[in-house]
Structure formats: structure tokens, C-alpha cells
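As the structure is a prediction and not an experimental result, all values here were calculated from the model. For the numbers below, each heavy atom of this structure counts, side chains included, while hydrogens, waters and symmetry mates do not. Note on naming: letters A, B, ... go to the chains in the order of the sequence lines (proteins, then strands), and numbering restarts at 1 for each one.
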Amino acid sequence: MPLTDLPLTLRPLAGPLPMWQGAADAATWPAAAHAVQEAGGRLVSLWGKMSARASVAAAYAVQEGLVWLELPLADGAATYPDLAAIFPAAGRMQRALYDLLGIAPEGAADTRPWLNHGAWPKGWFPLHAGARAPAPGALQDYPFVPVTGDGVHEIAVGPVHAGIIEPGHFRFSVVGEKILRLEARLGYTHKGIDALFAQTPPEAGHCLAARVSGDSAVAYAWAYCMALESIRGIAVPTRAQWLRALLLERERVANHLGDLGALGNDAGFAFGLTRFSRLREDWLRLNRAAFGHRLLMDCLVPGGVAADLQAGERDALRAQCDAVETEVRKLKAIYEEHAGLQDRFLTTGRVAPPLAAHLGLAGLAGRASGQAFDLRADHPLPPYDALGVNMATHRGGDVAARVTVRFEETLESLRLLRAMLEDLPEGACQAALPPPQGGRGAGWVEGWRGEVFVALELTPDGQHIERCHCHDPSWHNWPAIEHAVIGNIVPDFPLINKSFNLSYSGHDR
Amino acid sequence: MWNVIKLIARTGNLSEPGPQDAGAIEAEARRIGAELLGIVGRAVAIRELDAGSCNGCELEIHALNNPYYNVEALGIKFVASPRHADLLLVTGPVTRNMEQALLRTYQAMPQPRLVVAAGVCAKDGGIFGASYACRGALAGLLPVDAWVPGCPPEPLDLLRGILVAVARLKTARVEP
Ligand code: SF4
């Protein structure tokens, strides 16, 4: 059991992963954060809810697994101890929590609104029970932190960007071409998903979860299903577990193929984009043929997967793994030998490992900065336990490292996919759903970008969702980009940004 | 139209050969491209705008630029500035936080201007509906010329939707 030195009562959460849940008080709330940090753990997510009283919750990754702590606030209280001083990534999560729920950290350094751009009134909180949507208000300007000095000027970019990209605002303070400071303003794609879950039947929540970030539909749907199945005690058939992992790896490869091409393109190597986008299209077309959806949305359902894999498609998937691997290896050699490309990639947008640890840099970007965490290897579920996952890590922390990690992860996923297709167990691909049951459960999945976490609470009768919180790894990595660009030139920003490829929608929710 | 087709035939297919089983998709894309050129007589410039999408729609719009659909060769160009755009391609349930940017982008476009709503979200808010955070239907805010079903719409359907909107140029209206 984790955190044994603290006066906490943790009880194991049902489910396939080692997770614990418990209540903290105002004293143990920061003490637990300190203890986790000292033990080398990390903050996964921070959120809150309003039932009879308000409460704030945090999920920590520790060596043993995941700890979900909850701090119920006293009646009428609207503050709780700040965690941003311990885990910087908590800062924006706490600001978002205030905008949704009206509870604030005590003495926090930054209390600017984050998701509320003025479109709904200050003092109106969407997660309060029965909150009716007010008339839209006028959008407010955001107080960016100014940088002054000789020759310093600002460049404002967004929310609408030049390409086919999600919206967000970037404010650069520059001297000549050199970036002194970048500050992002996000929240433009805030869709009120947290409030929407309360109106969604628990059996249909996976569809909404899959659309938190469309590029990670499988990871989110799986995390949601894991949480629901844990509450209801649903045993997922072995074949369905394998098929879920197969879908997750196909999602990873699809995104890596897209990113590797786009990264070449952003460094002036259009050939890379052409070749990789062709491979990606092949990949998506086979997704459509074998699973019914190019982006694999709604292929995972509570209890298993929506449709079984047919024998003919299994062969086609296997053949495609071989074909794509041959191409990727050729392109990897071309990328590595291309002096112009390497010149743009190397030392650009660097997040050194100590800074990455401090910021809690997550997922793929974290692994490229020496943060060796990958749930598939750290807490392997079937079939990962049987197959073994070789985690890709790098200490470079620059664009080049993030490219290398993508190449290595693509090849590793292709190996895993082939092994899964080879030994796919026979049997059912979906379990029947038992009658509704209340309670809480969590899902934790290593998506292609990083760890996706879902905390689900159902009403006692199990008929309704009381609270569903979906966490995207982009929460940790957006602030890291602001560090990564310092000292780089403005024209390298698109390349650096792409090398992280973070989700706006997953963050804004 | 004959000249357009002749020109396309003479130039040949400059893009990578597609997969063997996908010939029908490329042929359909080329047919749509020829029809587009027949209507506008030049490239159609599109400004894509994410009004709060989950990013799934963007992934499929991106796919239009891959060698299989190769839309630039079909006479479709994605442009950065709304001032260069004939058509606004909108995704997402129009979040309140994006509403102002959406309207400003539309206002910046020269007339006649077309609007295509891509995906179920832009149609009526889709799974996100209308709420404190989303306006829902794009048609409530802008005159929509075509809607492309799907979540997200597949690339070929996006092309068809663009064609439907552009065909309306024949009877284009200029707003006061
Ligand atoms: S239509 Fe579907 S894919 Fe497109 S933004 Fe909406 S939820 Fe995402």
C-alpha cells in the first residue's frame, strides 16, 4: 500500500490496475503531495466536484500504482491548500477547477481565469447542481504577463492559426527573432464536457469520452470503459482485452505516422509529409475496413469491443504491419542521414530531463526528456504483460529526441501488433452488462500522447453519472512548451509545437 | 468542361500511385475536382476553422492533402488568410469561446463567400449539443451552404460537400 507514513486510510479500488482511493483533510492534502514528490511520484490530475458539499480530488502516480485522494471541503468553504508550489502542473488545473466549480487554492500565485473567457458570468459555475446556462457575455481580454526592455516586442498568434490546427492563442515576447517568453492562452475549445457527462447514461459515456480528443478516441474510450467496468464488476473477455490493445496500438501508429510526416514538413522536407501521409491513409483505410471507423471511434464499448475481427482482416492487418515497417525503416534512415533535417531538429526546443521532472512532462514528450514512464511497461495489463513492452526513452529532450522516440515507438507498436495478431485468443469479444450499480472507478491508459486518466463516480443506484473527469496529458505538457521555446527563434515555434503535438480539445474539454 | 478534362488528362496523375483496391476513391476525387474547376474556372480557396471540434474532423480534413486525395491538384487550396478565401470550412459545435473568432473570420472574407459545416457538431452541436459552453448549430450564426455528415466526415464526403457549396456559386448572392 502506498503512502503508509501518512494518517490516511486508503482502500483498494476494484479494477485491473493497482489503484487506491481515500479521503484527506486540509493537513494531509499538501503532506501527501510532498510525500509523493519525495518518493519520485507524479501528479496525474486534479479536479473537483459538487455534490452535497464541494470537494477537490487529485490522482498521483506512485511506484505501486495510482492513488486517488479526495479532500471534502467544510460546509460553505470555498478554498483548499494550493498544490502548485509542489507540482507546477497543478496551477492551471486549479484555475480551471475554479472556473468550473468556484473553489480556489489558498494563496495561489496565479488566479487568472483559464476556461472562462467571459462567455459566461464570473460567479456562475457550470458544475454547480442545477446550474442553468446564462446568456452569453462578451469575451474578455486576458492579462498576459508583459515583458519589457530595450527592443522587446510582442507577437500575438491565434486563436485562429494559419493551418488546419486547433485554436489557441500564443503571445510571444521577442527581441529580433529570439523568443524571450511565450505565454499560451487556452480554453477556446471548452465544450462543457464535464457538465455534459451528468446528462449522459453511464452505458453511453464512452462515446463522449472518445470525443474529448478525437486523435485519442481509443485511449479515452478504454479508460472510460475500465472505470465503468470496475464499478460494475464486469470481467472483460480475454479476446476483447487483446483487441482493445490492438486498437490502442493502431491509434498510436496512426498518430506517429502523421506526426513524423508533419515534422519533416515543418523543417522544409515535404517529401517526408508525402510519404508518411500516404502510409497514414493506408492505415486509416484498413481501420475502416477491419473495424468500421477510420479513427476507431466507438469501436470500444463497455464489456469489450463493438465488433469482432474477421479472419481475412486479420491477415490484411498482419500484411500491413510488414509493409509499413519496411517503409518506416527506409524513411528513418533518410531522416537520420538528412543533414538539413537534423540541423533543424537537433538542440531545438529542448526540455532538459531535470526541468521535465520538475514540470511533470508526460507521455511521449516526457520519455524524450528522460522521464521513463509508460503504463504499458510499468503496470502492464493483458496482453502487454505477456508480450512485454520495450519503452523508448531518450535524454536529448529536443525535437530530434521526440522524433526518435516516435520512430522507436512506431516500430515497437508494429512488433506488438504482429504478436497480438499471431496469438489472438479465441472467445467472446464482449461481456454482457450486469444490472446498474453505483460507486466509483478509475481508468488509466497509455495513449499515444501519454497517460489518459478517467475518474468516474456513479449515483448510488448506478443509473446516472454523478461526476466524470477526463484528464489529458496535454495539461502537463502545454506549460512545458513555454519553457522549450525560450531562446529559440520564432520560425522554429511551429516545429517545436508539432514535436509535442498537444491536444487543445483534450485540454480545454 | 471538355478543356478542363483534356488538360487534366494531358497532365496525367502527378501523385503517388494509390493502393490497388482504392482506385474508385481517387477516381471520384478527380471527378469532383474537374467539376469544381468547371464551376469556378480557378482554384477554390478554403479557410478551415475549428470552432471547438474534438480534432477528429481536423484529422480528416488534413487527409485531403495526402497524395491519394491530393486536393491541390484538384484545384482546392487551403489558405491562411480569410481575405484570400472563397469558402469557410467550419468544424465543431461553435464554442462560446470561439464564436467571436468565427464571426470575425467570416467578416474578413470577400464576397461572395461560402460556408460549409463539416461534421455533426457543426450541423447541430452533435454530441455536445447547445449548452453554457456551445452555441450548437452553425446555421444559427452564419448562412450555411452545405453540410457534410459524419463524425468525422470521411475525406471523400468532405470533397462532395465542398462541391455542393461551390455549385451554389452559380446563383451566388452578395450580401448588403
Ligand atoms: S463531428 Fe465528430 S469528429 Fe467532428 S468535431 Fe464533432 S465529435 Fe469530433
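- Remark: Ile164(A) CD1 to Leu64(B) CG distance equals 7.5 Å, nearest 0.5 Å.
- Within a 6.0 Å radius of CZ in Arg112(A), other residues, nucleotides and ligands contribute more than 12 heavy atoms.
- For the set Ala51(B), Ala63(B), Pro155(B), the entry with the most heavy-atom pairs within less than 4.5 Å of chain A is Pro155(B).
- Within residues 126-137 of chain B, the residues that have a heavy atom under 4.5 Å from a heavy atom of chain A are Ile127(B), Phe128(B), Ser131(B), Tyr132(B), Ala133(B), Cys134(B), Arg135(B), listed by number.
- Using modelled atom types, one finds no donor on one side chain facing an acceptor on the other under 3.5 Å when comparing Asp50(B) with Tyr504(A).
- Chain B forms more heavy-atom pairs under 4.5 Å with one residue of Arg280(A), Arg288(A), Met297(A), His293(A) than with any other, namely Arg288(A).
- Using a 4.5 Å cut-off between heavy atoms, Cys121(B) makes no contact with chain A at all.
- With a 4.5 angstrom heavy-atom cutoff, Leu284(A) touches chain B only via side-chain atoms.
- With rounding to the nearest 0.5 angstrom, the SG atom of Cys54(B) is 12.5 Å from the CG atom of Asp508(A).
- Per-residue counts of heavy-atom pairs under 4.5 Å with chain B were compared for Val160(A), Leu295(A), Asp215(A); the largest is that of Asp215(A).
- Annotation: residues 94-104 of chain B contacts chain A through Thr95(B), Arg96(B), Asn97(B), Met98(B), Gln100(B), Ala101(B) [non-hydrogen atoms, separation under 4.5 Å].
- Atom NZ of Lys498(A) has more than 12 heavy atoms from other residues, nucleotides or ligands within 6.0 Å.
- Interface remark: Ala262(A) contributes no atoms to any contact with chain B (heavy atom separation under 4.5 Å).
- The SG atom of Cys57(B) sits 11.0 Å away from atom CD of Glu166(A), with the distance rounded to the nearest 0.5 Å.
- Contact check on Glu154(B) versus Arg294(A) returns no salt bridge, with no Lys/Arg side-chain nitrogen under 4.0 Å from an Asp/Glu carboxylate oxygen.
- For the atom pair OH (Tyr68(B)) and CZ (Arg285(A)), the distance works out to 6.5 Å, reported to the nearest 0.5 Å.
- Ranked by non-hydrogen atom pairs under 4.5 Å with chain A, the options Ser53(B), Gly92(B), Pro93(B), Ser81(B) are led by Ser53(B).
- Here the straight-line distance linking atom CG of Asn55(B) with atom CD1 of Ile165(A) works out to 12.0 Å at 0.5 Å rounding.
- Taking each heavy atom of Asn66(B) and Ser277(A) in turn, the nearest pair found is CB-OG, 3.5 Å.
- The part of Leu196(A) that comes within reach of chain B is its side chain, from C-beta onward, which places non-hydrogen atoms under 4.5 angstrom from that chain.
- For Pro152(B), the parts sitting under 4.5 Å from any heavy atom of chain A are the backbone and the side chain alike.
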